[in-house]
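Computed from heavy atoms alone, side chains included, the values below leave out hydrogens, waters and symmetry copies. Proteins get letters first, then strands, A, B, ... in listed order; numbering begins at 1 in each. All of these numbers come straight from a predicted model, not from anything done at the bench.
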2 protein chains.
Amino acid sequence: MGDGQATRRRLLDAATAEFARYGIAGARVDRIAASAQANKAQIYAWFSSKDGLFDAVFVEHLSLIVDLVPLDATDLPGYAVRLYDAYLDRPEVVLLATWARLERVPTGDLLAVAADDVAAKLARISEAQQAGLVDPAPAPADVYSMVIALSMAWSPASVTVAASTDDDPAEHERRRTALAAAVRGAFAPRAGAT
Amino acid sequence: MGDGQATRRRLLDAATAEFARYGIAGARVDRIAASAQANKAQIYAWFSSKDGLFDAVFVEHLSLIVDLVPLDATDLPGYAVRLYDAYLDRPEVVLLATWARLERVPTGDLLAVAADDVAAKLARISEAQQAGLVDPAPAPADVYSMVIALSMAWSPASVTVAASTDDDPAEHERRRTALAAAVRGAFAPRAGAT
DNA sequence: CTCCGCAAACAAACCGGTTGGTTACTCACG
DNA sequence: CGTGAGTAACCAACCGGTTTGTTTGCGGAG
């Protein structure tokens with residue numbers, strides 16, 4: 001008989017696509033089961049509830065959300081551009097995080113469950129500030145929030161324009177250039193500082 | 001007898017709160033009717049459907065989404081800070097826009113229906129670039145997207161930290177300062193340019 | 001001023017499809 | 001034969017939407 005772990009895997013994959021597209025309230029358990037070529041009861045056997053399934057999907061993607069692209073505090077512009085490309089390649093990551101924000105955690109730190117990983121990133125930003133590679137004025141947490149925000153300027157959650165892989169490659173290139181330049185200007189050490 | 005327009009108004013207000021909090025799929029028509037102290041049938045008399053009600057709420061907020069704060073292309077840092085405060089004061093605006101993006105318009109231009117107003121803003125950015133007040137390298141549309149993205153770094157839709165009015169005032173002030181500095185650095189004309 | 005008729009506003013019960021969740025049962029394998 | 005994977009039918013609550021019947025304000029006829 002079929003392998004339970006394999007079914008679990010298919011359910012997680014199907015759920016990822018479903019939640020990314022429709023959110024928690026909009027997702028349909030039957031649709032997930034069908035798309036995973038499994039039975040609805042399996043979902044409840046493995047994940048207890050629809051919310052439990054979302055939790056499983058979300059924690060599995062947490063490491064991706066946080067470390068889809070390893071932070072390079074010594075090259076924030078390059079980091080931002082790599083994030084732009086990563087979001088283009090893996091829109092589910094942005095979507096899951098945004099749905100979680102809207103439907104689960106209205107205020108405060110969304111990634112509190114991964115506080116350790118985030119803290120490590122902030123420490124590296126702090127080091128880069130002390131090394132004179134990043135403007136030391138803003139708090140590391142604010143630098144991080146702003147870099148992420150800038151990288152997501154054209155993400156699937158943007159309130160202006162959401163990029164898609166169908167866009168003209170030249171357009172992507174234009175955005176990458178603009179993004180890198182903006183990040184460089186925004187966080188480079190100020191002239192006149194030590 | 002009660003005024004129809006007044007009922008319509010209460011429905012729109014209640015729907016705004018409901019949609020901002022729960023999104024389209026998560027919103028409950030009964031809850032809106034109850035919270036507006038009206039009857040469910042009125043919703044269908046005035047707005048035809050749940051989706052029609054969301055449309056009405058959204059278009060009513062479109063002008064706010066676009067012009068909650070008038071764009072001052074000659075002072076982008078100040079503009080960004082005013083947006084930060086506006087989002088703090090009117091989180092529904094950000095939330096409605098984000099829900100619309102996630103549940104309605106997965107890619108492309110979210111504000112295509114208000115293309116004229118947006119085009120006017122881009123024109124003013126373009127003027128500021130020609131006047132040497134803004135870095136002329138990036139396309140006006142990209143400047144706009146990035147300024148909005150930066151202003152929303154701590155918005156209720158942020159994937160890092162969402163600000164709330166309960167936050168320490170000093171924290172808000174820290175973010176305003178960091179935001180203004182980042183926008184200044186990101187879009188000021190590059191040294192060495194004319 | 002009163003009465004009547006009318007249309008818009010309103011209320012509540014109702015309807016049928018959908019949805020998250022359950023159960024009773026079958027099947028393959030060690 | 002026992003155990004865990006898999007299935008299909010089932011269920012009760014829910015939810016968007018409709019229907020039916022009632023109330024209210026108002027303009028006009030008497």
Going through the checks in order, is the salt bridge (Lys or Arg N to Asp or Glu O under 4.0 Å) test met by Arg124(A) and Asp72(A)? CA-CA 8 Å; Arg124(A) 265 178 293 159; Asp72(A) 181 356; over 6 Å; no
Can you check the [X] [atom1] to [N] [atom2] distance for me, whole Å?
X	N	atom1	atom2	result
Phe19(B)	dG16(D)	CZ	P	9 Å
Phe47(B)	dG16(D)	CZ	P	16 Å
Gln37(A)	dA5(D)	CD	P	18 Å
Gln42(A)	dT7(D)	CD	P	7 Å

Salt-bridged, Asp51(B) to Arg104(B), with N to O below 4.0 Å? yes
Hey, what's the ring geometry for Phe19(A) with Phe54(A), parallel, tilted or perpendicular (30° and 60° as the breaks)? perpendicular
Do Leu111(B) and Asp117(B) have side chains that get closer than 4.5 Å, going by heavy atoms? no
Is a side-chain N or O of Ser145(A) found less than 3.5 angstrom from the main chain of Asp142(A), in a donor-acceptor match? no
Each nucleotide in nucleotides 18-25 of chain C should get exactly one letter: B, S or -. Can you fill that in based on protein heavy atoms under 4.0 Å? -SBBBB--
Residues that Glu173(B) engages under side-chain contact (heavy atoms from CB on, under 4.5 Å), provided they are two or more places apart: Arg176(B), Thr177(B)
